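Just below is one structure, and these are the notes that go with it.
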Amino acid sequence: MSLKVCKFGGSSLADAEQFLKVRSIIESDPERRIVVVSAPGKRFPEDVKITDLLLLCQSMHEQNLDIAPVFQKIRTRYKEIVQNLKIDIDIDKLLDETEDAMRRNGTRDFMASRGEYLCGRIVATWLGAKFVEPGEFLQIESNGLIKEENYDKLGSELRDEKLVVMPGFYGRTPKGKIKTFARGGSDISGAVAARAVHADLYENWTDVNGFLMADPRLVKNPKHIENLTYKELRELAYMGANVLHDESIYPVSEPGIPIEIRNTNDPGGAFTRIVASRPKDDRIVTGIAGRKDFYLVQIEKMLMNRMVGFGRRLLQIFETHGVNFEHAPTGIDTMSVIVRKEYIGDQLPSILDEIKRTLQPDRLEVTDNLALIATVGQGMIRCVGFAGRLCTALSRRGINLQVIDLGSTQDNMIVGVELNDFEEAVRAIYEEFEQN
Ligand code: ASP
């Protein structure tokens, strides 16, 4: 019998009604033996996720304010689920202990992790499953990665005769403290669990039927994507296709465990399957994704091409500020650096100061209205004139290109446009390549 790890996201566990769907999905397939859960998410658009309430508790705790009023909201949500489903668990005791532990251990990661912890305890009791505590068995290094040798320890805990439930989103540091992944990180926990038990499949259950060729808020009825490669997925997810955390790929890509993105509200419906390689097909473009939040820092200096180490010194300034850069297009006497606004935070003035002081550029300019659009597809490399078609599609709509970067493997072309042109540019590219 093959072994499937299923991860259920916050929308799949938002209330008792969703819990019932999760149960019937698990029980309909005996191969679904390891279940990874998120914390309850939003029940309706204006609702607040449990994790956000917990983070609010944490900031109150930091300011020496009482967390009780906010924790009361968390309490109500879990109690409603337990009472509606008549789950045989002493929920008051569990919540009291958790609130107490949060007052004692007020770190951000500990508090944020309690949503998944509580949800895992409730689901495990409800399904009569074994509960595996990631705070004991899932070791996360300071760079957020898992060491090869630590998969085995988690794997032997997860492999069991019984159904197993593990909370997502957190693990422990090498020193034993609770540590969370980035937001949305239960997807990564599911992938880590799949790798640890050498699963045949990692099912990621969410509230959509997988990936679409473009964001449906920008493009009307975009095509559904049936198959994606890990690489295509990583590029699309990194560039804003918000279905799966982009770092969920690294644990499963090496052993080649496929991922399926499925819809808890439509279990028999369409889904996207993500694999190491897919058969060559006629598709040129697999998907289009974009983000709006970038700075473009442009530097000009006469005879830059003769100055050995100029590029390194420029990038080092970003590095010493702890800022990742996305792209660094160069000309003869020009170099630009594209960075995400969220990575720079409030450090822009000090970065610019240092550039002026150490590199004395002839011109230094910052554009803060840059959006990047990635057009991704393994078929692009075989398509003569691909870049021409894309640029023509944009120029026909009067959209000016600020940056062009055809990735070195030529399966991802990134263009930068002004913020105001973003939506129109995505639509133009989609329409050009919808039929391939
Ligand atoms: N609950 C966490 C979040 O909201 C992690 C997750 O759901 O994946 O970010």
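Computed from a predicted structure; not experimentally measured. For the single chain, residues carry numbers from 1 onward in sequence order. Order of listing sets the numbers, starting from 1, for every ligand and every atom in it.
Under the 30°/60° scheme for interplanar angles, the aromatic rings of Phe386 and Phe433 are found to be tilted.
Taking distance alone, with nitrogen or oxygen atoms compared against 3.5 Å, Ser38 approaches ligand 1 more closely than that limit.
Each of the atoms 3 (C), 4 (O), 9 (O) of ligand 1 lies under 4.0 Å from some heavy atom of Arg183. For ligand 1, the atoms lying closer than 4.0 Å to a non-hydrogen atom of Glu116 are 1 (N), 2 (C), 5 (C), 6 (C), 7 (O).
Residues meeting the side chain to side chain donor-acceptor pair (under 3.5 Å) test with Asn84, sequence neighbours left out: none.
Judged by distance alone, with hydrogens and angles left aside, the side-chain atoms of Arg77 form a donor-acceptor pair with the main-chain N or O of Ala14 at under 3.5 Å.
Listed by first and then second residue, the salt bridge (Lys or Arg N to Asp or Glu O under 4.0 Å) pairs that reach into residues 238-247 are Arg234-Asp246, sequence neighbours excluded.
Using a 4.5 Å heavy-atom cutoff, the side chains of Lys177 and Asp109 are not in contact. Contact of the Phe19 side chain with the Ile122 side chain is registered, since non-hydrogen atoms from C-beta on lie closer than 4.5 Å.
Ligand 1 has at least one atom lying under 4.0 Å from a heavy atom of Gly184. Between Gly185 and ligand 1 there is a heavy-atom distance shorter than 4.0 Å.
The option with the heavy atom closest to atom 8 (O) of ligand 1, from among Pro167, Ser186, Ala112, Ala39, is Ser186.
At a heavy-atom cutoff of 4.0 Å, ligand 1 is contacted by no atom of His245, backbone or side chain.
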